[in-house]
Amino acid sequence: REALLQPGDGYGRDEDRMLRPQSMADMVGQREVAKRLQIVVDAAMKRDEPLGHILFDGPPGLGKTTFATCIPKDLGVNFQLTSGPAIQAPKDLVPYLTNADERSVLFIDEIHRIPKAVEEYLYTAMEDFRIDIVLGEGTNARTINLQIKPFTLIGATTRSGMLSAPLRDRFLLREHLDFYTDDELAEIVGRNAKKLGVTIDEDAALEISKRSRSTPRVANNRLRWVRDFATSRADGHVTLELAREAMEMQAIDEMGLDKQDRGYLSTIVRVFGGGPAGIEAIAHTMNAAPDTLADEVEPFLLRTELVVRTPRGRVVTPKAMDHLKAIKWK
Ligand code: ADP
């Protein structure tokens with residue numbers, strides 16, 4: 001990913017970027033969040049001031065990065081992007097902070113992955129727009145306190161609980177992104193089908209949406225698969241029947257669960273007698289990373305009540321048992 005993007009760059013080299021909304025007005029759903037953001041964006045523009053810092057949290061694929069890229073475009077300011085794993089020491093952050101133009105946006109994805117020392121370094125940068133930098137090395141090293149341009153930090157995290165309270169408190173707005181309705185996803189699928197140059201029946205768009213785990217990123221990926229399927233197997237037009245056939249071929253069931261989702265549920269059933277089972281043990285049995293399960297698999301299963309969390313671990317629900325029994329795949 002590029003470190004520095006200018007407004008109007010298009011961000012559009014591949015399809016992922018092409019499908020990403022270019023302004024908040026293009027975004028579907030999340031209306032309450034968008035309304036609040038619109039207010040602070042308008043106010044910042046009217047007062048000619050930098051926008052306050054904003055934190056987005058929620059499961060992957062729900063639009064955190066999309067909001068973070070649309071806001072600077074709507075403001076007409078420059079944008080820099082980095083992520084928690086890339087910032088392992090204050091010195092990794094310095095170039096971004098010293099490069100930041102007045103009122104520009106610095107987006108840090110997976111901000112919960114920055115180490116404590118970096119968090120502390122960020123406090124003063126966010127609050128006073130001042131940072132300490134070390135010049136020289138060894139015995140010649142000296143620290144100077146540098147004024148930086150007032151900028152806006154946008155953070156995104158799947159685990160807001162992992163941020164320290166002082167860091168969380170330095171965000172003016174903290175917005176939680178929730179799952180999308182099937183109708184919202186169908187609107188995204190319909191629009192993106194056009195962008196991808198494929199025609200699709202309304203019921204087919206809704207079918208793809210229902211099988212997309214209430215997540216725009218998943219809906220886009222499913223749509224791209226269905227488009228390829230339509231091109232290869234038919235004349236390129238997507239009907240309901242064709243969409244279903246394409247989903248079947250990927251073993252995506254009627255609830256939108258894929259092999260990994262069902263593997264998680266059936267592991268708890270098969271190996272742990274339905275639970276309670278600890279996430280580490282489940283991950284180990286599945287040969288998967290616990291973080292992947294917690295961030296990408298569990299949120300939708302929890303929300304649809306296929307699994308519940310108890311103090312002693314995860315437990316599958318009767319609804320999950322019925323679902324696993326009713327479908328033909330493992
Ligand atoms: P996150 O940063 O939360 O993981 P992204 O912002 O990268 O999620 O969203 C993944 C993709 O889903 C985006 O590239 C975009 O195409 C699509 N998307 C997300 N939110 C919306 C939305 N509100 N309206 C339309 N498309 C969206």
Side-chain angles (χ1 to χ4, degrees), residues 1-2 5 9-38 41 54-74 79-86 105-113 153-160 162-163 173-196 198 200 205-206 208-209 211-227 256 291-292 294-300 303:
R1 304 216 236 182
E2 291 89 322
L5 297 168
D9 248 0
Y11 313 98
R13 235 161 293 135
D14 59 17
E15 280 183 350
D16 260 350
R17 298 229 169 107
M18 180 172 99
L19 299 184
R20 203 190 278 285
Q22 300 294 306
S23 79
M24 280 202 280
D26 292 340
M27 293 181 72
V28 175
Q30 308 289 357
R31 285 341 292 167
E32 296 306 311
V33 175
K35 269 192 232 157
R36 283 189 291 271
L37 289 167
Q38 201 59 61
V41 164
I54 299 168
L55 181 68
F56 291 107
D57 87 272
L62 296 185
K64 298 182 295 296
T65 305
T66 304
F67 269 118
T69 52
C70 287
I71 289 168
K73 287 189 174 187
D74 287 356
F79 173 65
Q80 300 185 87
L81 172 154
T82 184
S83 70
V105 167
L106 170 59
F107 172 49
I108 307 182
D109 199 6
E110 294 185 76
I111 195 167
H112 59 277
R113 292 191 191 273
L153 180 73
I154 301 185
T157 178
T158 48
R159 309 266 183 102
S160 61
M162 276 173 70
L163 293 185
L173 277 187
R174 292 190 293 268
E175 293 293 353
H176 175 73
L177 299 191
D178 215 333
F179 288 105
Y180 290 63
T181 65
D182 292 342
D183 287 339
E184 286 165 349
L185 286 190
E187 191 176 338
I188 294 174
V189 167
R191 286 188 196 183
N192 288 347
K194 276 205 196 85
K195 290 191 195 168
L196 293 169
V198 59
I200 184 168
L206 192 60
I208 294 172
S209 304
R211 297 193 191 209
S212 293
R213 285 197 261 115
S214 308
T215 306
R217 178 180 293 139
V218 176
N220 284 343
N221 290 342
R222 304 267 198 262
L223 173 64
R224 284 157 71 177
W225 161 252
V226 171
R227 175 191 61 163
D291 278 1
T292 309
D295 286 350
E296 290 171 25
V297 175
E298 288 190 330
F300 181 74
R303 140 131 175 164

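Whatever order the structure lists them in is the order used to number ligands and atoms, beginning at 1.
- The distance from the CZ atom of Arg113 to the OG1 atom of Thr158 is 6.5 Å, given to the nearest 0.5 Å.
- In summary, the atoms of ligand 1 found under 4.0 Å from a heavy atom of Thr66, numbered by their order in the structure, are 5 (P), 6 (O), 9 (O), 13 (C), 15 (C), 19 (C).
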task = Show the numbers, then the answer: is there a side chain to side chain contact (heavy atoms under 4.5 Å, CB included) between Ile111 and Leu153?
result = CA-CA 11 Å; Ile111 195 167; Leu153 180 73; 4.2 Å; yes
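- Without hydrogens or angle criteria, Asp74 side chain to Met24 main chain gives a donor-acceptor distance under 3.5 Å.
- Neither the backbone nor the side chain of Phe67 has any atom closer than 4.0 Å to an atom of ligand 1 (non-hydrogen atoms only).
- Counting heavy atoms from C-beta outward, Pro59 and Phe179 have side chains that approach closer than 4.5 Å.
- Once rounded to the nearest 0.5 Å, the distance linking CD1 of Ile71 with CD1 of Ile54 reads 4.0 Å.
- Close approach of ligand 1 to Ile188 is summarised as follows: ligand atoms under 4.0 Å from at least one heavy atom of the residue are 24 (N), 25 (C), 26 (N).
- For ligand 1, the atoms sitting less than 4.0 Å from at least one non-hydrogen atom of Tyr180 are 20 (N), 21 (C), 22 (C), 23 (N), numbered in the order shown with element in parentheses.
- Atom 23 (N) of ligand 1 has Val28 O, 2.8 Å as its closest protein atom, hydrogens excluded (heavy atom only).
- Checking Ile208, Val28, Asp182 one by one against Val189, the side chain to side chain contact (heavy atoms under 4.5 Å, CB included) holds for a single residue, Ile208.
- Contacts of Leu62 with ligand 1, taken as heavy-atom pairs under 4.0 Å, involve the backbone alone.
- Distance OG1/Thr65 to CG/Asp109: 4.5 Å, rounded to 0.5 Å.
- The distance from ligand 1 to the heavy atoms of Met27 drops below 4.0 Å at these ligand atoms: 23 (N), 24 (N).
- Under a 4.0 Å criterion applied to the non-hydrogen atoms of Pro60, ligand 1 contributes the atoms 4 (O).
- Close approach of ligand 1 to Leu19 is summarised as follows: ligand atoms under 4.0 Å from at least one heavy atom of the residue are 16 (O).
- The protein atom (non-hydrogen) at minimum distance from atom 2 (O) of ligand 1 is Thr65 OG1, 2.6 Å.
- Counting only distance, with no hydrogens or angles, the side chain of Arg222 and the backbone of Gly256 share a donor-acceptor pair below 3.5 Å.
- Nearest non-hydrogen protein atom to atom 18 (N) of ligand 1 is Pro216 CB, 3.4 Å.
- Using a distance-only test at 3.5 Å, with no hydrogens or angles considered, no donor-acceptor pair links the side chain of Glu110 to the main chain of Ile108.
- Using a non-hydrogen distance threshold of 4.0 Å, Ala156 does not register as a contact of ligand 1.
- Ionic pairing of Arg159 and Asp295 is present here: one or more N-O contacts between side-chain nitrogen and carboxylate oxygen are shorter than 4.0 angstrom.
- Lys64 places a side-chain N or O within donor-acceptor distance of the main-chain N or O of Gly58, the cut-off being under 3.5 Å.
- Residue contacts with ligand 1 for Pro21 involve side-chain atoms from C-beta outward but no N, CA, C or O (heavy atoms, distance under 4.0 Å).
- In terms of polar-atom proximity, defined here as any N/O pair under 3.5 Å, Gly29 makes no such contact with ligand 1.
- Near Gly63, with a cut-off below 4.0 Å to any heavy atom, the atoms of ligand 1 are 1 (P), 3 (O), 5 (P), 6 (O), 8 (O), 9 (O), 19 (C), 20 (N).
- Taking a cut-off of under 4.0 Å to the non-hydrogen atoms of Asn220, the atoms of ligand 1 that pass are 12 (O), 15 (C), 16 (O), 17 (C).
- Atom 4 (O) of ligand 1 has its closest protein heavy atom at Gly61 N, 2.7 Å.
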